[in-house]
Protein chains: 2
Amino acid sequence: MLISEFARKAGLPVDTIRFYIAKGLLKPDRALKGGSNPYQLFKPEDVTAARMIKLQQKLGYTLGEILALNEEYRAGEHSSERTIEVIQLQIERLQHRKEAMDAALAFLLGKLDWIRSGKPGPAPRLEDYER
Amino acid sequence: MLISEFARKAGLPVDTIRFYIAKGLLKPDRALKGGSNPYQLFKPEDVTAARMIKLQQKLGYTLGEILALNEEYRAGEHSSERTIEVIQLQIERLQHRKEAMDAALAFLLGKLDWIRSGKPGPAPRLEDYER
DNA sequence: TATAAGCGTGGAGTGCGCTCCATGGTCAAT
DNA sequence: ATTGACCATGGAGCGCACTCCACGCTTATA
């Protein structure tokens, strides 16, 4: 498929797609050579790849990190060992982030309780929830 | 305290502190007037405020959002009603983010299982984990 | 009093992640 | 053959969150 259809399916602006291609995050096929079709051609897997990038961004990765991660992933594509390591690394970082959020959540909920109960004793201290 | 001591206690570079002041996120006292001390003076609560900013950033808020949130918070400082609303809003957004992370985590763990078990059946699909 | 450390201001620069635009090539339909 | 939609490239610009620098003033210490 051509870039505009791909962009629609991926839910991203065309410019962003091109930006990702320039960064090496997406690698559409090229059909130039002879002189007929100088357009970039996208496969259905590329849509999945684009979705994956968006997901990874939501998880707090920069495009640079995503590129590195995905390249490592590709490098070990035929080694389950390596793939498992990469996935485990992602899971680990994700869990760290979740823990930070849990701490923040606990703090906010603690504060809510404190206010609701008429503020007895000292206010919950942020420091007590940080690790 | 003066800015450098404050920066040390807050765990942020002096330049960043000044940047936050310029943005209205921090409001140190001013002791100029007569002509003696033209320096910004920070109170211990300001350290807490700075930590709070860092926390909010970790939770994915932009400085603009943090400013708005904190101002609303201050505006309703003497209304428990309002304070509770603001905190609940933060909790809600936080839980949304957590859910997104849980979905990602489930996807990654699913993939791990699939690889470990010798890849029977189709690979876990990202779409099945998105909401 | 000289000097050095610290402070404030203004402005430029940086890296990231886009976003927009001008130019020009390609292609399908008329 | 012309039109119009789509494509590619290169480069400029933008908002965010800093970061760095030059300048000049203030204050503590020698």
Side-chain angles (χ1 to χ4, degrees), chain A residues 1-43 46-47 49-71 93 97, chain B residues 1-43 46-47 49-71 93 97:
Chain A
M1 72 191 97
L2 295 180
I3 199 168
S4 63
E5 183 187 350
F6 172 68
R8 197 171 31 70
K9 283 186 181 158
L12 291 171
V14 169
D15 275 342
T16 301
I17 303 293
R18 284 204 248 262
F19 178 72
Y20 288 171
I21 294 167
K23 287 256 152 178
L25 284 160
L26 291 172
K27 305 209 173 88
D29 290 342
R30 284 272 174 180
L32 18 85
K33 265 304 170 39
S36 56
N37 193 345
Y39 295 164
Q40 297 172 109
L41 299 174
F42 298 81
K43 300 182 290 293
D46 294 326
V47 176
R51 277 195 218 277
M52 196 66 204
I53 292 169
K54 290 215 294 181
L55 174 66
Q56 287 171 305
Q57 274 188 307
K58 272 191 205 151
L59 303 185
Y61 291 99
T62 65
L63 293 185
E65 288 169 333
I66 294 170
L67 179 62
L69 225 47
N70 293 0
E71 275 184 352
R93 292 204 206 168
R97 276 175 188 274
Chain B
M1 73 189 95
L2 294 181
I3 200 168
S4 63
E5 183 186 349
F6 172 69
R8 196 171 30 72
K9 282 185 181 157
L12 291 171
V14 168
D15 274 342
T16 301
I17 303 294
R18 285 204 249 261
F19 178 72
Y20 288 170
I21 293 166
K23 287 255 151 179
L25 285 160
L26 291 173
K27 303 208 175 88
D29 292 340
R30 284 272 175 181
L32 18 86
K33 265 302 169 43
S36 57
N37 193 346
Y39 295 164
Q40 298 172 110
L41 299 174
F42 298 81
K43 300 183 290 293
D46 294 326
V47 176
R51 277 196 219 276
M52 196 67 203
I53 292 169
K54 290 215 296 181
L55 174 66
Q56 288 171 304
Q57 274 188 307
K58 271 191 205 152
L59 303 184
Y61 292 99
T62 65
L63 293 185
E65 288 168 332
I66 293 169
L67 180 61
L69 224 49
N70 293 0
E71 275 183 351
R93 292 204 206 167
R97 276 175 187 274

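A, B, ... follow the sequence lines: proteins, then strands. Residue 1 opens every chain. Quick note: numbers below take in every heavy atom, side chains included, and nothing from hydrogens, waters or symmetry partners.
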Exercise for the section: Grab the CD1-C1' distance between A/I21 and D/dA8 for me, whole Å please. Expected result: 10 Å
Problem - Atom pair distance, as rounded to whole Å: OH in A/Y61 and P in C/dC16 - result: 18 Å
Exercise for the section: List the atom of B/A7, the atom of B/V14, and the distance in Å for their closest heavy-atom pair. Expected result: CB-CG2, 3.8 Å
Practice task
Spell out yes or no: do the side chain of B/Y39 and the base of C/dG6 have one donor N/O and one acceptor N/O closer than 3.5 Å?
Solution key: yes
Problem - Minimum side-chain heavy-atom gap B/Y61-B/I53 below 4.5 Å - result: no
Practice task
Using whole Å, report how far NZ of B/K23 lies from P of C/dG10.
Solution key: 16 Å
Practice task
Please tell me if the side chains of A/E65 and A/R93 come closer than 4.5 Å, counting only heavy atoms from C-beta onward.
Solution key: yes
Fill in the blank from the handout: On a heavy-atom basis, the closest approach of B/R51 and B/K9 is NH2-O, 3.9 Å
Completion exercise
note: B/E5, atom CD; D/dA28, atom P; distance rounded to Å ~ 14 Å
Practice task
Kindly indicate whether the side chain of A/Q57, heavy atoms from C-beta on, has any atom under 4.5 Å from the side chain of A/I66.
Solution key: yes
Exercise for the section: Using atom CG of A/D15 as one end and atom P of D/dG10 as the other, report the distance to the nearest whole Å. Expected result: 15 Å
Handout entry: Nucleotide nearest A/Q40 (side chain, heavy atoms from C-beta), chosen from D/dC18, C/dC21, D/dA8
Key = D/dA8
Handout entry: From D/dT9, C/dG6, C/dG17, nucleotide with atom closest to A/R30 side chain
Key = D/dT9
Exercise for the section: Specify the separation, in whole Å, of atom NZ of A/K54 and atom C1' of C/dC18. Expected result: 14 Å
Problem - A/T62, nearest nucleotide to its side chain (from C/dT26, D/dC7, C/dG17) - result: C/dG17
Practice task
Quick one: label A/Y20 by what it contacts on the DNA or RNA (base, sugar-phosphate, nothing), any heavy atom closer than 4.0 Å.
Solution key: sugar-phosphate
Problem - Side chain of B/F19 (C-beta onward), nearest among C/dC18, D/dC18, C/dT26 - result: D/dC18
Practice task
To the nearest Å, give me how far apart CG (A/L12) and C1' (C/dC20) are.
Solution key: 17 Å
Problem - Rounded interatomic separation in angstrom, taking CZ from A/R18 and P from C/dT19 - result: 14 Å
Exercise for the section: State whether A/T16 places a side-chain N or O below 4.0 Å from either non-bridging phosphate oxygen (OP1 or OP2) of C/dG17. Expected result: no
Handout entry: Among C/dG17, C/dG8, D/dA17, the nucleotide that comes nearest once only the side chain of A/Q57 is considered
Key = C/dG17
